[in-house]
*Asks:* 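Sharing a structure below in structure tokens format, with a few things to ask.
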Amino acid sequence: MKISENITIGEVIRNYPEAIKTLTGFGMGCVGCPSAQSETIGEACLVHGIDVQKVIEALKETVGAI
């Protein structure tokens, strides 16, 4: 799975549970929220005022994904 701003938080945490720590480290408590199943990483970053590229890079480093 390619980590990008267009995949949902739900997809990321289903495929890479270790990513939860990375996302919460950025202040995204939404990992347990029902809307996370359909909210993309890009949308979540926009809502939380977080640089999406920093999150993507951190997730790639955490999970070793492309």
Side-chain angles (χ1 to χ4, degrees):
M1 163 187 271
K2 182 177 180 182
I3 301 286
S4 76
E5 65 184 79
N6 298 316
I7 64 170
T8 66
I9 301 286
E11 288 176 294
V12 173
I13 59 177
R14 274 192 303 280
N15 288 287
Y16 306 108
E18 66 273 25
I20 293 171
K21 186 174 181 179
T22 301
L23 292 169
T24 57
F26 277 96
M28 292 186 179
C30 56
V31 295
C33 177
S35 68
Q37 298 308 307
S38 61
E39 185 175 48
T40 66
I41 293 173
E43 291 167 337
C45 287
L46 184 64
V47 168
H48 291 282
I50 301 167
D51 183 336
V52 69
Q53 292 307 315
K54 287 182 181 180
V55 173
I56 298 293
E57 290 305 314
L59 286 170
K60 287 180 179 179
E61 191 174 302
T62 298
V63 303
I66 299 170

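In what follows, residues are counted from 1 in the order of the sequence shown.
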*Asks:* Closer than 3.5 angstrom, by distance alone: can the side chain of E11 be matched with the main-chain N or O of T8 as a donor-acceptor pair?
*Replies:*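 Checked: pair present.
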
*Asks:* Flag the pair L23 / V55 as yes when at least one side-chain heavy-atom distance between them is below 4.5 Å, and no otherwise.
*Replies:*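 Heavy-atom side-chain distance check passes, below 4.5 Å.
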
*Asks:* Might you point out which heavy atoms bring S38 and E43 nearest each other, and give the distance in Å?
*Replies:*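 It is O-OE1, 3.9 Å.
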
*Asks:* Quick check for you: to the nearest 0.5 Å, what is the distance between T40 atom OG1 and E5 atom CD?
*Replies:*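 So the gap between those two atoms works out to 7.0 Å.
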
*Asks:* Write out all pairs satisfying side chain to side chain donor-acceptor pair (under 3.5 Å) with one or both partners inside residues 19-36, taking only residues at least two apart or from two chains.
*Replies:*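 Side chain to side chain donor-acceptor pair (under 3.5 Å) check on residues 19-36 returns T22-T62.
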
*Asks:* Which residue pairs pass the side chain to side chain donor-acceptor pair (under 3.5 Å) test when at least one of the two sits in residues 45-55, sequence neighbours left out?
*Replies:*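 Of all non-adjacent pairs touching residues 45-55, none passes side chain to side chain donor-acceptor pair (under 3.5 Å).
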
*Asks:* Could you tell me if the side chain of I9 sits less than 4.5 Å from the side chain of I41, heavy atoms only?
*Replies:*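 Yes, side chains in contact.
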
*Asks:* I need the minimum non-hydrogen distance between M28 and C45, along with the two atoms involved.
*Replies:*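 For M28 and C45, the tightest heavy-atom pair comes out as CE-SG, 3.3 Å.
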
*Asks:* If you round to the nearest 0.5 Å, how far is CG of N15 from CD1 of I3?
*Replies:*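 One finds 8.0 Å between CD1 of I3 and CG of N15.
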
*Asks:* As an exercise, state the distance from NZ of K60 to OG of S4, rounded to the nearest 0.5 Å.
*Replies:*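 One finds 8.5 Å between NZ of K60 and OG of S4.
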
*Asks:* State which residues pass side chain to side chain donor-acceptor pair (under 3.5 Å) with E18; sequence neighbours excluded, sorted by chain then number.
*Replies:*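 Residues passing side chain to side chain donor-acceptor pair (under 3.5 Å) with E18: none at all.
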
